[in-house]
Amino acid sequence: METRITRLLGISCPIIQGGMAWVAEHHLAAAVSDAGGLGLIGAANAPAEWVREQICKARELTDKPFGVNIMLLSPYADEVAQVVAEERVAVVTTGAGNPGKYMALWKEAGIKVMPVVASSALAKLMERAGADAVVAEGCESGGHIGELTTMTLVPQVRDAVSIPVVAAGGIGDGRGMAAAFMLGAEGVQMGTRFIVADEAVVHENYKNKVIAAKDIDTQVTGRSTGHPIRVLKNRMSREYLRLEEEGASFEQLEQLTVGGLRRAVTEGDVTEGSVMAGQIAGLIKKRQSCREIISEMMEETEKLLDRRI
Ligand code: TUI
């Protein structure tokens, strides 16, 4: 399947893997890229030298293009922005903020830039700043989310800009991908389904919790702090929401979640840790390789796009 996204990124399938903190390390990124999609290394809150090492390791595993996702709330965002330019990674995506101040640096390094946006206003701003495409991420996603759903955000972003749009949030199979195309997207980004990929170096407890999840098993913590985060329900999230309702301070709430994602992903603490996942978790029932995930997605999508209703 060819779209402006496949041509822009030099990939064969318009499927981008989400830049999930702790999950999106070089094994997963290289496997997704090798299978024809675009793998991403998630820089999250990691120091710049860790990101450089991950880029080098991914290059040893694949000769296909891959990208780095920069989480703009990270204390290391400035240094990571510099490292991706030095390493001339093929693609940069950004999350949780406005990457305007890095655009010139990245464009000079020949990097394709795709900011994640949660509004058409930011999409327009990014287009004017020189972005090559935008990822319109609806609040069905796991992790840090905006206000709008994918169904409402994608067509409005599509109408607001001329650069291609990638849809994200709530997409987990060919039906979601075909629907995203109907909304005007030319590619999709998926996170949650790749958490359970064979190549994802993620604790078994985390993968099992995604596979066991039902449709209503996520909730959003942190609305009161201005950083809403979608996670799978557990003891931590229930306690967090109870404290939030009682009007707990930012510091109290932070205490509950600090280091929680790392503990869940690497140590398997899915009771007290932060198990970020999207609302589509309920649809994800099997473990597969990245190659199987991508070929199944493409087959289902093409079949649906070929038929009339
Ligand atoms: O960034 C994400 N998802 C994430 S980041 C993350 S790590 C984290 N840990 C603790 C606190 C916060 C984050 C876990 N999941 N997705 C991309 C995304 N970006 N979703 C929504 C946005 C977004 C929202 C508002 C981007 C820009 C924006 O407005 C920026 C502005 O300044 O106008």
Side-chain angles (χ1 to χ4, degrees), residues 1-3 5-6 9-42 58 61-67 69 91 93 114 135 137-138 140-143 150 166-181 185-213 215 218 232 265 275-306:
M1 181 188 285
E2 221 188 285
T3 69
I5 290 295
T6 59
L9 305 176
I11 56 179
S12 51
C13 307
I15 299 177
I16 297 160
Q17 162 238 317
M20 302 164 283
W22 291 101
V23 172
E25 46 70 81
H26 70 279
H27 294 100
L28 182 61
V32 171
S33 287
D34 235 19
L38 185 82
L40 294 181
I41 292 163
L61 294 180
T62 184
D63 49 16
K64 301 267 179 66
F66 61 87
N69 171 267
V91 185
T93 69
M114 299 200 296
V135 180
E137 188 183 282
E140 296 93 324
S141 302
T150 302
V166 172
I171 299 166
D173 66 8
R175 292 170 298 181
M177 183 162 166
F181 276 64
E186 293 180 61
V188 297
Q189 178 181 283
M190 281 203 308
T192 306
R193 187 161 175 188
F194 283 119
I195 296 175
V196 304
D198 298 334
E199 296 90 342
V201 184
V202 170
H203 198 284
E204 283 302 297
N205 294 356
Y206 202 122
K207 292 188 177 185
N208 287 337
K209 199 163 167 68
V210 170
I211 286 173
D215 49 7
T218 72
L232 288 177
V265 175
V275 189
M276 295 185 192
Q279 287 182 317
I280 205 66
L283 193 81
I284 295 161
K285 292 290 161 222
K286 56 185 183 210
R287 290 154 184 271
Q288 291 171 300
S289 67
C290 290
R291 196 168 290 282
E292 286 167 337
I293 292 173
I294 289 177
S295 60
E296 197 175 286
M297 289 284 302
M298 292 309 299
E299 203 175 301
E300 290 171 359
T301 304
E302 282 171 345
K303 215 186 257 175
L304 287 168
L305 292 179
D306 273 350

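Note that the structure is predicted; figures quoted are calculated from it, not measured.
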Practice prompt. Please examine the side chains of Glu302 and Met1, heavy atoms only from C-beta on, and report whether any two atoms are closer than 4.5 Å.
Written response: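 Result yes, sub-4.5 Å side-chain heavy-atom pair found.
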For [X] and [Y], which heavy atoms make the closest approach, and how far apart are they?
{"X": "Ala30", "Y": "Leu61", "answer": "CB-CB, 3.6 Å"}
{"X": "Gln288", "Y": "Ile293", "answer": "OE1-CG1, 3.6 Å"}
{"X": "Ala58", "Y": "Ile41", "answer": "CB-CD1, 4.1 Å"}
{"X": "Ile171", "Y": "Gly176", "answer": "CG2-C, 3.9 Å"}
{"X": "Val166", "Y": "Ala185", "answer": "C-CB, 4.5 Å"}
{"X": "Ala277", "Y": "Val210", "answer": "CB-CG2, 4.5 Å"}

Worksheet item: Can you list the residues that meet the side-chain hydrogen bond (donor to acceptor under 3.5 Å, both in side chains) rule with Arg287, with sequence neighbours excluded?
Response: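 Arg287 satisfies side-chain hydrogen bond (donor to acceptor under 3.5 Å, both in side chains) with Glu204, Asn208 only.
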Worksheet entry | side-chain hydrogen bond (donor to acceptor under 3.5 Å, both in side chains) against His27, all qualifying residues, sequence neighbours excluded |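 His27 satisfies side-chain hydrogen bond (donor to acceptor under 3.5 Å, both in side chains) with Glu25 once adjacent residues are dropped.
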Listed pairs under 3.5 Å, donor-acceptor, residues 9-23 side chains, sequence neighbours left out:
{"unit_1": "Gln17", "atom_1": "OE1", "unit_2": "Leu40", "atom_2": "N", "d": "2.9"}
{"unit_1": "Gln17", "atom_1": "NE2", "unit_2": "Leu40", "atom_2": "O", "d": "2.9"}

Item to complete: Tell me, please, which residues at least two apart from Asp34 pass salt bridge (charged side-chain N to carboxylate O under 4.0 Å, His left out).
Response: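 In terms of salt bridge (charged side-chain N to carboxylate O under 4.0 Å, His left out), with neighbours along the sequence ignored, Asp34 is linked to no residue.
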Worksheet entry | Qualifying residues under side chain to side chain contact (heavy atoms under 4.5 Å, CB included), relative to Ser289, sequence neighbours excluded |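 So Ser289 forms a side chain to side chain contact (heavy atoms under 4.5 Å, CB included) with Asp198, Glu199, Arg291, Glu292.
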Worksheet item: Which pairs count as salt bridge (charged side-chain N to carboxylate O under 4.0 Å, His left out) when at least one residue sits in residues 185-197, sequence neighbours excluded?
Response: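 Salt bridge (charged side-chain N to carboxylate O under 4.0 Å, His left out) check on residues 185-197 returns Arg4-Glu186, Arg158-Glu186, Arg193-Glu296.
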Discussion item. Are there over 12 heavy-atom neighbours, none belonging to Lys285, within less than 6.0 Å of that residue's NZ?
Written reply: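 Counting neighbours around NZ of Lys285, more than 12 heavy atoms of other residues, nucleotides or ligands fall under 6.0 Å, so yes.
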